[in-house]
Amino acid sequence: MKHFAAWVIALSGLFGVAIAAILFSARTSPAPNDVQALGFGQCAGLTCFWGVTPGITAWEAARTILGNRLSAEPDDQKMLAVFVERSNAIVLYPSIERGKVGRIIYSYFPYARSPLTTGALIEQYGLPCGVSIYYEQGIVTLRYPALLANISTRGQSRLTFESPIYQVQLSDPAFHSKAQPDPCLDNITGSGVANTRWMGFTSIRNYISASRR
């Protein structure tokens, strides 16, 4: 009888641990952030939108995937548009490699009210390989090998977790610019831009100072 009681107690303990582990997992599993909620994610290790991957997904396949989400004309061969809300548009353009999807661009206006945040983008895609500061325009661009994210810094003196991203561009992998060979910096604009590395959530002045060292 004692052995049976000990067995019951041990089994109850294991059951309690299992339940606790399940509850802990449910509480700590990350909820989709704002980037994922819009439809941006990873497909076979590549940046994609609702399963559509630039340079991989066929144009007609993308039309089928997006289905009734599309807002453009059904026979439009120049772009496919999805309007998540009145001020929020996601547009897909054909690749220079015929028959495939190329650039995908998310835009939100007015800039400062975009629900996408710098923190959410970094949580999704990691740290950028470069940062460009357009100090005369009040824009900061986070640069990734296949992605650009533009942040509105008007009225802000620093980058924060909540800094609004008003535009995300997924690049067309078939397009190779001789003038812009390195996607991690802007070597086209000239004056008015400061290129540097990611320095965290700090002041814009620190980024500009770092670019001049």
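Here the structure is a predicted model, which is why all the values come from computation and not from measurement. For the single chain, residues carry numbers from 1 onward in sequence order.
With sequence neighbours left out, the side chain to side chain contact (heavy atoms under 4.5 Å, CB included) criterion links I65 to V52, T57. Under the rule for a side chain to side chain donor-acceptor pair (under 3.5 Å), the partners of Y134 that lie at least two apart in sequence or sit in another chain are R143, D186. Residues that satisfy the side chain to side chain donor-acceptor pair (under 3.5 Å) test with T141, not counting sequence neighbours, are N150. Taking E162 as the reference, nothing meets the salt bridge (charged side-chain N to carboxylate O under 4.0 Å, His left out) condition, with sequence neighbours excluded. Remark: S171 pairs with no residue by the side chain to side chain contact (heavy atoms under 4.5 Å, CB included) rule, at least two apart or across chains. Contacts of Y106 classified as ring-ring contact (aromatic ring centres under 6.0 Å, His included), with partners at least two apart in sequence or in another chain: none. Y207 pairs by the ring-ring contact (aromatic ring centres under 6.0 Å, His included) definition with nothing, not counting sequence neighbours.
A distance of 8.5 Å separates OG1 in T202 from CG in L159, rounded to the nearest 0.5 Å. Interatomic distance, L170 CG to L148 CG, rounded to the nearest 0.5 Å: 9.5 Å. How far CD of Q167 is from OG of S152: 12.0 Å, rounded to the nearest 0.5 Å. Residue L147 holds its CG atom at 12.5 Å from CG of L46, rounded to the nearest 0.5 Å.
R205 places no side-chain N or O within donor-acceptor distance of the main-chain N or O of R158, the cut-off being under 3.5 Å.
Under the 4.5 Å side-chain criterion, counting only non-hydrogen atoms from C-beta, Y93 is not in contact with D172.
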Enumerate, atom names and distances included, each donor-acceptor pair closer than 3.5 Å involving a side-chain atom of residues 96-105, sequence neighbours excluded.
unit_1 : atom_1 : unit_2 : atom_2 : d
E97    : OE2    : K100   : NZ     : 3.2

Check: residues 118-125 side-chain donor-acceptor pairs under 3.5 Å, at least two apart:
unit_1 : atom_1 : unit_2 : atom_2 : d
T118   : OG1    : S163   : O      : 3.0
Q124   : OE1    : Q36    : NE2    : 2.7
Y125   : OH     : G41    : N      : 3.3
Y125   : OH     : G41    : O      : 3.2

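There is a side-chain donor-acceptor pair under 3.5 Å between N195 and S132.
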Would you check, one step at a time, whether the test side chain to side chain contact (heavy atoms under 4.5 Å, CB included) holds for V168 with V35? CA-CA 10 Å; V168 175; V35 180; over 6 Å; no
Decide yes or no on side chain to side chain contact (heavy atoms under 4.5 Å, CB included) for V131 and M199, but give the supporting numbers first. CA-CA 9 Å; V131 178; M199 297 172 57; over 6 Å; no
Pair F49, L92 - check side chain to side chain contact (heavy atoms under 4.5 Å, CB included), show working. CA-CA 9 Å; F49 168 69; L92 292 76; 4.2 Å; yes
Does the side chain to side chain contact (heavy atoms under 4.5 Å, CB included) test come out yes or no for Q156 and I204, once each step is laid out? CA-CA 8 Å; Q156 298 183 33; I204 307 298; 6.0 Å; no
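Each of Y144 and I56 belongs to its own hydrophobic cluster when Ile, Leu, Val, Met, Phe, Trp and Tyr are linked at side-chain heavy-atom distances under 4.5 angstrom. The cluster map of Ile, Leu, Val, Met, Phe, Trp and Tyr, joined by side-chain heavy atoms under 4.5 Å apart, puts L116 and L127 in the same cluster.
P173 approaches P54 most closely through the heavy-atom pair CG-O, 3.5 Å.
Pairs engaging residues 124-160 under the disulfide (SG to SG under 2.5 Å) rule: C129-C184 [sequence neighbours left out].
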